[in-house]
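Throughout, protein chains are lettered first and strands after them, A, B, ... in sequence-line order, and every chain is numbered starting at 1.
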Amino acid sequence: MTTSQSSTSENNTIESTKSPLILVDGSSYLFRAYHVPYLQALSTADGQPTGAITGVLNMLGSLKKDYPNGNIIVIFDAKGKTFRNDMYPEYKANRPPMPDELRSQIAPLHEIITAMGLPLLVIPDVEADDVIGTLAKQADEQGMETVISTGDKDMAQLVTPHVRLINTMTNVEMDVAGVSEKFGVRPDQIIDYLALMGDKVDNIPGVVKCGPKTAVKWLAEHGTLEGVIANADKVKGKIGENLREALEQLPLSYQLATIKCDVELEQSAEQLAASEPDVEALTALYQKFELKRLLADLTKGKTSANNTEVVKAAAPKNSASEVEVIAAEVGESQYDIILDQALFEQWLDKLNSSIAFAFDTETTSVDYMKAELVGLSFAIEAGKAAYVPLMHDYADAPEQLDRDWVLAQLKPLLESTEIKKIGQNLKYDANVLSQYNIEVKGIAFDTMIESYCYNSVATRHNMDALALKYLGYSTVHFEDIAGKGAKQLTFNQIDIEKAGHYAAEDADITLRLHQAIFPALAQSEKPLSVFNDIEMPLLPVLARMEQGGVLIDSDVLDQQSHSLGQRLDELEIEAHNLAGKSFNLGSPKQLQQILFEELKIPVIKKTPKGAPSTAEEVLQELALDYPLPKVILENRGLSKLKSTYTDKLPLMVSPKTGRLHTSYHQAVTATGRLSSTEPNLQNIPIRSEQGRKIRQAFIAPKDHKIVAIDYSQIELRIMAHLSNDKGLVTAFSEGKDIHKATAAEIFAVELDEVTTDQRRSAKAINFGLIYGMSAFGLAKQLNIGRQQAQEYQDKYFQRYPGVLTYMEDTRQQATEQGYVETIFGRRLYLPDINAKNGMRKKAAERAAINAPMQGTAADIIKKAMLAVDQWLLEQNDDRVKMTMQVHDELIFEIHQDIVEETTQKLVALMNNAVELSVPLIAEYGIGDNWDEAH
DNA sequence: ACAGGAACTTA
DNA sequence: GTAAGTTCCTGTT
């Protein structure tokens with residue numbers, strides 16, 4: 001995407017006095033523009049995609065604006081093979097074919113560029129890089145200033161004192177010093193650097209395991225590739241072997257990475273001057289491709305495609321033309337730091353008369369229970385934001401507005417349901433403000449969740465990552481202003497000027513992200529409804545659960561820690577005796593040494609890195625024949641319990657509330673599940689006897705009970721619904737024990753003749769099904785032969801043919817459209833589904849099978865939580881509280897006086913959360929603690 | 001002080 | 001065979 005100069009970016013001097021030669025890497029532009037998410041949806045009424053065209057023209061427009069006197073030449077790759085393929089047939093062999101949506105935009109783009117009067121070069125048998133290199137070299141020899149606009153790092157080899165690169169995305173120029181800074185090598189070493197590393201994408205071989213760090217190190221030592229090759233025998237270790245193995249093909253890699261600078265061109269750079277645009281042809285083309293804004297610019301007499309319109313703060317509408325506007329760049333910005341009442345009131349008026357605004361809180365801690373408010377920032381339109389510092393208290397900090405007065409002024413605004421709030425991870429801000437007695441309402445757009453619903457796996461969803469991906473903008477990082485490590489400052493200690501810029505930028509960028517992501521999300525009906533109807537409404541529900549916390553009995557845990565400690569001491573002594581020496585039981589490395597080298601126990605399995613594994617399953621097997629593994633196993637299990645749970649949980653109780661407050665993360669998992677951290681309440685032990693005891697410390701308050709309600713077999717029920725397999729649907733409809741029913745089918749026995757062992761096998765098969773099983777995996781799980789496992793699997797599909805069809809359909813859908821979806825339309829993209837690497841492809845296929853089930857289950861319990869929360873709000877009875885969610889289970893605290901009827905009501909709400917073609921069954925338990933309730 | 005791997009916990 | 005998070009150790013900053 002184009003970016004005009006941001007007031008925040010540094011050393012970005014643009015030469016406008018001379019007439020530099022501007023070489024545009026059209027193919028790199030095209031590729032980038034095609035992958036900009038919010039451009040992908042653009043098309044004409046009859047379905048011709050135009051997003052890449054729009055993107056490239058925007059970038060060109062921006063370039064023209066930045067270099068008004070520049071002599072622009074646009075270069076594209078020609079179709080077909082190049083001389084590099086002759087040199088090396090596998091060159092770029094891994095590239096997937098160009099998608100039709102992209103291919104169909106090339107010819108129109110060429111036409112438009114030509115009509116604009118820009119020289120366009122498409123030279124067969126070489127790549128655009130080579131043409132650019134040739135022109136740049138010619139210009140350089142004549143001392144002409146040249147700027148190459150590209151996103152391709154390989155071009156760094158072309159940089160000289162007269163030739164600079166400009167990054168298509170960030171608009172940052174890179175000169176000789178810039179290359180050295182960015183890559184750690186000089187421009188004349190770039191080819192050596194690239195050859196050593198190789199290039200996965202282009203299929204250029206390099207030295208195995210040699211990445212940027214190693215390449216830079218070697219080149220710093222030996223100067224050139226030749227130098228490195230000459231000294232290859234001196235390099236030690238595995239990487240030295242890798243280097244020596246690569247010696248023969250390194251010259252080829254070098255050749256492939258070298259941009260050819262002597263392509264025969266018919267015209268020189270000077271001869272390729274721009275001509276006047278052919279307005280008539282341009283008008284026709286813009287009309288044909290429905291490029292409305294460009295058309296409007298044309299009639300207004302503008303010739304460029306500059307995109308400097310200010311985007312309104314209102315929720316963007318869902319239309320193609322609006323989306324085009326949303327492709328706005330991060331441009332000029334103006335940030336206010338509010339220290340006086342008059343300016344504050346001015347902003348307050350504007351906020352009060354807005355229909356939506358972005359805001360962000362700055363605090364002393366990422367832990368919402370400990371955080372103290374330090375300031376607030378706001379943005380109503382892109383580029384204009386304000387920071388209200390409240391509690392900066394470093395020496396000679398300026399006087400700030402009174403916190404309580406400011407919050408009193410803001411309270412009605414923040415609690416208004418009419419004025420919509422935009423934010424990044426608003427649950428955090430809501431939790432913090434709730435400590436100041438402000439209950440934020442009108443929470444409509446959380447950019448983190450927008451990005452997550454749009455594509456859960458394309459990026460992480462923190463603001464820095466989103467700004468980079470969706471705005472091509474690199475934000476000020478917290479560490480840049482606060483430092484890191486032990487010396488990190490808290491926000492109140494940071495200089496107000498610096499803090500103000502950072503904070504205001506946060507609000508500004510959040511607003512711009514919303515303007516970029518939401519329209520893209522709104523292009524697809526179902527993901528939008530997941531956002532609007534599930535995720536955003538859930539946000540305040542989770543906030544309430546987090547703030548409510550859960551009660552634990554620290555004394556019980558302390559006692560358990562003590563007895564676990566004693567047992568661990570015994571085990572340690574026993575282990576040392578068995579080993580004949582003292583060692584650290586927690587160190588897999590020391591354990592390997594003792595087990596496999598000193599005691600000469602046979603190696604069963606290796607870790608991915610090649611070391612002999614001491615994993616649980618291995619020790620389990622060894623424990624049959626040797627005493628030490630058994631001791632280690634018990635030690636490991638118990639020390640995990642002690643360090644993670646019984647020692648740690650009491651320390652995490654909030655002094656303010658006396659309860660444990662987790663964080664639920666709404667934008668982490670690929671499939672739509674929640675995750676929980678600090679502490680993770682979703683992996684509290686249950687399977688082992690010892691582990692269960694930890695649940696006894698999760699207690700109800702006085703006169704209350706713990707009620708746990710969980711969905712029974714929810715994923716298999718979803719499978720029944722999705723596949724509509726007759727046998728599976730019938731089994732559930734008749735309320736059968738599903739594992740038993742499966743066993744009866746597979747082993748061809750009557751239902752009441754199924755043995756425990758058969759049921760166990762059937763259960764493993766059912767689980768395998770949910771996980772996209774292979775016969776191999778099943779064999780391992782059941783400890784049977786592969787053949788046998790394959791027979792079970794065949795039998796299963798024979799008995800439940802609908803399931804087989806469903807799985808085949810899902811794989812196909814994933815392959816064709818690149819994503820799978822839940823019943824409610826939550827999408828999971830599978831970038832590896834067409835991977836060349838068979839392992840990755842297979843893994844993606846399993847994920848594709850599993851995601852609709854796991855994801856639908858997540859959707860269902862989220863809907864149940866919404867229904868429960870709404871009912872709780874209606875009851876307005878503080879004797880009932882929803883405290884935890886563990887994927888298919890909700891946990892409540894309920895006063896003993898109303899526990900029975902309330903539980904029945906909650907079970908009903910969960911059962912009726914959604915309508916499936918099989919019954920949805922929630923089962924409950926009631927007790928004084930979580931163990932009893934489960 | 002931090003990053004990565006191995007191991008262990010859950011649904 | 002799916003999806004997560006935490007702790008400890010180890011080797012590198």
A.B. asks: Describe the nucleic acid contact of Ile684(A) in one word from base, sugar-phosphate, nothing, applying a heavy-atom distance below 4.0 Å.
C.D. replies: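 Sugar-phosphate contact only.
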A.B. asks: Under 4.0 Å between a side-chain N or O of Lys780(A) and OP1 or OP2 of dG1(C)?
C.D. replies: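 It does, given that an N or O in the side chain of Lys780(A) lies less than 4.0 Å from OP1 or OP2 of dG1(C).
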A.B. asks: Any donor-acceptor pair, under 3.5 Å, between the side chain of Lys648(A) and the base of dT6(C), if you only look at N and O atoms?
C.D. replies: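 Donor-acceptor pair under 3.5 Å: no.
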A.B. asks: So what does Ala775(A) touch, heavy atoms closer than 4.0 Å: a base, only the sugar-phosphate, or nothing?
C.D. replies: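 Here Ala775(A) touches no strand at all.
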A.B. asks: So what does Asp710(A) touch, heavy atoms closer than 4.0 Å: a base, only the sugar-phosphate, or nothing?
C.D. replies: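 Nothing: the residue Asp710(A), judged by heavy atoms under 4.0 Å, touches no strand.
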A.B. asks: OP1, OP2 of dT7(C) versus side-chain N and O of Thr644(A): anything below 4.0 Å?
C.D. replies: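 Indeed not, no polar side-chain atom of Thr644(A) lies that close.
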A.B. asks: Which of these passes side-chain contact (heavy atoms from CB on, under 4.5 Å) with Glu715(A): Asp888(A), Ile770(A), Asn766(A)?
C.D. replies: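 Of the listed residues Asp888(A), Ile770(A), Asn766(A), the side-chain contact (heavy atoms from CB on, under 4.5 Å) partner of Glu715(A) is Ile770(A).
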A.B. asks: Looking only at side-chain atoms of Leu633(A), point me to the closest of dA3(C), dT10(C), dC8(B).
C.D. replies: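 For Leu633(A), the side-chain atoms sit closest to dC8(B).
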A.B. asks: In whole Å, I'd like the distance from the NZ atom of Lys763(A) to the P atom of dA11(B).
C.D. replies: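 It works out to 11 Å between those atoms.
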A.B. asks: Has Gln488(A) got a side-chain N or O lying under 4.0 Å from the OP1 or OP2 atom of dA1(B)?
C.D. replies: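 Looking at the OP1 and OP2 atoms of dA1(B), neither is under 4.0 Å from any side-chain N or O of Gln488(A).
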A.B. asks: NA contact type, Leu778(A), heavy-atom cut-off 4.0 Å: base, sugar-phosphate, or nothing?
C.D. replies: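 The residue Leu778(A) makes base contact.
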A.B. asks: Identify the pairs formed between an N or O of the protein and an N or O of nucleotides 11-13 of chain C at a distance under 3.5 Å, and give each distance.
C.D. replies:
{"residue": "dG11(C)", "atom": "OP1", "partner": "Lys589(A)", "partner atom": "NZ", "Å": "2.4"}

A.B. asks: Figure out the CG/C1' separation between Asn635(A) and dA7(B), and round it to whole Å.
C.D. replies: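 Rounded to the whole Å, the gap is 12 Å.
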A.B. asks: State which residues pass salt bridge (Lys or Arg N to Asp or Glu O under 4.0 Å) with Arg759(A); sequence neighbours excluded, sorted by chain then number.
C.D. replies: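 Expected list: Asp737(A).
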A.B. asks: Mind checking if Gln590(A) touches a base, just sugar-phosphate, or nothing, with heavy atoms under 4.0 Å?
C.D. replies: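 Sugar-phosphate contact only - Gln590(A) comes under 4.0 Å of backbone atoms but never of a base.
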A.B. asks: Separation of Asp832(A) atom CG from dT2(C) atom P, in whole Å?
C.D. replies: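 Result: 13 Å.
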A.B. asks: Can you name the one residue among Ser554(A), Ser563(A), Ser561(A) that meets side chain to side chain donor-acceptor pair (under 3.5 Å) with Thr646(A)?
C.D. replies: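 One option only clears the test, and that one is Ser561(A).
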A.B. asks: Between dC8(B) atom P and Leu641(A) atom CG, what is the distance in whole Å?
C.D. replies: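 Between P of dC8(B) and CG of Leu641(A): 12 Å.
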A.B. asks: Check nucleotides 2-6 of chain B against the protein and report each pair of N or O atoms closer than 3.5 Å, with its distance, or say if there are none.
C.D. replies:
{"residue": "dA6(B)", "atom": "OP1", "partner": "Thr607(A)", "partner atom": "OG1", "Å": "3.2"}

A.B. asks: Starting from C1' on dA3(C), measure out to CG on Asp859(A) and report it in whole angstrom.
C.D. replies: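 Between C1' of dA3(C) and CG of Asp859(A): 14 Å.
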A.B. asks: OP1 or OP2 of dA4(C) versus the side-chain N and O atoms of Asn683(A): is any pair under 4.0 Å?
C.D. replies: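 Looking at the OP1 and OP2 atoms of dA4(C), neither is under 4.0 Å from any side-chain N or O of Asn683(A).
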A.B. asks: Check Val556(A), Leu681(A), Ile891(A), Leu557(A) against Phe698(A) for a side-chain contact (heavy atoms from CB on, under 4.5 Å) and give me the one that passes.
C.D. replies: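 Of the listed options, the one satisfying the test is Leu681(A).
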A.B. asks: Looking only at side-chain N and O atoms, does Arg687(A) come under 4.0 Å of OP1 or OP2 in dT10(B)?
C.D. replies: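 Yes, because at least one side-chain N or O of Arg687(A) sits under 4.0 Å from OP1 or OP2 of dT10(B).
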A.B. asks: Taking the six-membered ring of Tyr800(A) as reference, does the cationic atom of Lys795(A) (NZ for Lys, CZ for Arg) lie under 6.0 Å from its centre and within 45° of its axis?
C.D. replies: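 Here Lys795(A) fails the 6.0 Å and 45° test against Tyr800(A).
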A.B. asks: Between dT10(B) and Gln682(A), counting only base atoms on the nucleotide and side-chain atoms on the residue, is there a donor-acceptor pair under 3.5 Å?
C.D. replies: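 Not at all, since no donor on one side and acceptor on the other fall under 3.5 Å apart.
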A.B. asks: Strictly below 4.0 Å: does Arg673(A) bring a side-chain N or O up to OP1 or OP2 of dA3(C)?
C.D. replies: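 False: Arg673(A) side-chain N/O out of range (4.0 Å or more) of dA3(C) OP1/OP2.
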